[in-house]
Structure formats: C-alpha cells, structure tokens
> 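Before I ask anything, here is the structure I am working with.
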Amino acid sequence: MRFVKSEEAVSPVIGVILMVAITVILAAVIAAFVFNMGGGAEKAPTSSITAANNPDTPTYDLKINHKGGDTLKGGDWKLSVVRADGTAPAFVNSVSGNDLGVGMQIKIENVTSTLCVTTTCVLTNQSLNVTDVNIPALNSGTKYDIKLVHIPSSAMLIDTVVEVR
C-alpha cells in the first residue's frame, strides 16, 4: 500500500484573508445598526399628481390635480410655483387639516377686482389654509415650474413646467 501525498489544501494565507474579509463585513453591518444607517427615513407616498393650465377659463390659472394613490396629509406637503425664468417664486406650505386626497385639486388663479389683479390659491371645495403664500399674478404665455414635495420623505411628487395660456 502506497500513500500519496495530496497538495490540494487551501493555503494558510488565503484562509487568513478570508477571515479578515468576513470580520470587516461583520463590523460594517454591526456599525450600520448601531449608528442607525440602515434606514429610518419615512416612505414616500404613492400618488398620481398632474399640473395643467385650463385655456377655456376666462382667468389665467394653474390646476394641480390628485388623480390617484395615497392621501397627502396636511402639513406633510409643500407646493412651489416658480416662473421658468427663475423670478417670482411662490411657496405654499400645507398645514394640518389640508389633506390632499384623490379627486381634490389645488387651483391657482388670477382674481380681478376693481383695484388690482391678485392671485388666489384654493383647495377644491374648501379654503386652503396655507402659510408663506406670495403668489404673483399669473401671466399669459409664461411658463411656470410646478413642484410638489412630500416633506417627511423629501420625495418630489411632481416636477413639471406648465405654460399659462
């Protein structure tokens, strides 16, 4: 009987490298849990939001429609209306009670009085109780950049350009 010497074993150097790699990976995973790097951010709502101009109305207007998906709770969303040339920005911050649900609409329109043209912002069928509203009068032929942001998740739900006609 003859014994044959086998040299098919893993070398000690490769074994040490594998053990060090496993240790580093475990340390990274444990650090992620300890320092809370693994999450904690709120999940963005799933909503279908559109923005358009209605050329059939007598006043210049913008309409932001909630077509479907999750309801946006009041205080959790912010609307930005900025002229495409970067001038005259306007921000609408929702407050508690201003939930934006399916079928609801935010209408921004010019209102002409005997003294001047002002712009109003109305959440369909109820007064939109907002803060920091400073919307300049809408102008025909002007493009506006419309952004709707879900604040807790920092998710942009709509980012589009609409031309007022």
> Running the 4.5 Å side-chain criterion over Ile, Leu, Val, Met, Phe, Trp and Tyr, what cluster does V102 land in, apart from itself?
none
> Who are the side chain to side chain contact (heavy atoms under 4.5 Å, CB included) partners of V16, not counting sequence neighbours?
V20
> With rounding to the nearest 0.5 Å, note down the distance linking CD in E163 to CG in L62.
11.0 Å
> Side-chain contact, heavy-atom cut-off 4.5 Å: V82 with I146?
no
> Can you tell me which residue among L79, N65, L148 is in a side-chain contact (heavy atoms from CB on, under 4.5 Å) with I158?
L148
> Are the side chains of I49 and I64 in touch, meaning some heavy atoms are under 4.5 Å apart?
yes
> Go through the structure and list residues passing side chain to side chain contact (heavy atoms under 4.5 Å, CB included) with V149, not counting sequence neighbours.
M156
> Does anything in residues 64-76 form a salt bridge (charged side-chain N to carboxylate O under 4.0 Å, His left out)? List the pairs, not counting sequence neighbours.
none
> Calculate, to the nearest 0.5 Å, the distance between atoms NZ and CG belonging to K78 and L72 respectively.
14.5 Å
> Let me confirm one number: the NE2-CG distance from H66 to L157, rounded to the nearest 0.5 Å.
8.0 Å
> If you group Ile, Leu, Val, Met, Phe, Trp and Tyr whenever their side-chain heavy atoms sit less than 4.5 Å apart, what else falls in with I22?
L26
> Got a donor-acceptor contact below 3.5 angstrom from the N53 side chain to the D61 backbone?
yes
> Working to the nearest 0.5 Å, report the span between NZ of K63 and OG1 of T50.
11.0 Å
> I'd like to know whether L100 forms a side chain to side chain contact (heavy atoms under 4.5 Å, CB included) with I106, so could you lay out the CA-CA distance, the side-chain angles of the two residues, the decisive distance to 0.1 Å, and finally the verdict.
CA-CA 9 Å; L100 183 59; I106 300 170; 4.0 Å; yes
> Run the side chain to side chain contact (heavy atoms under 4.5 Å, CB included) test against V13 and tell me which residues pass, sequence neighbours left out.
S11, I17
> Return the set of residues passing side chain to side chain contact (heavy atoms under 4.5 Å, CB included) with A52 (not counting sequence neighbours), or none when no residue passes.
none
> Out of curiosity, T71 OG1 to W77 CH2, how far, rounded to the nearest 0.5 Å?
12.5 Å
> Could you pull out all residues at least two apart from K143 that satisfy side chain to side chain donor-acceptor pair (under 3.5 Å)?
none
> Is there a side-chain contact between Y144 and V161 (heavy atoms, below 4.5 Å)?
no
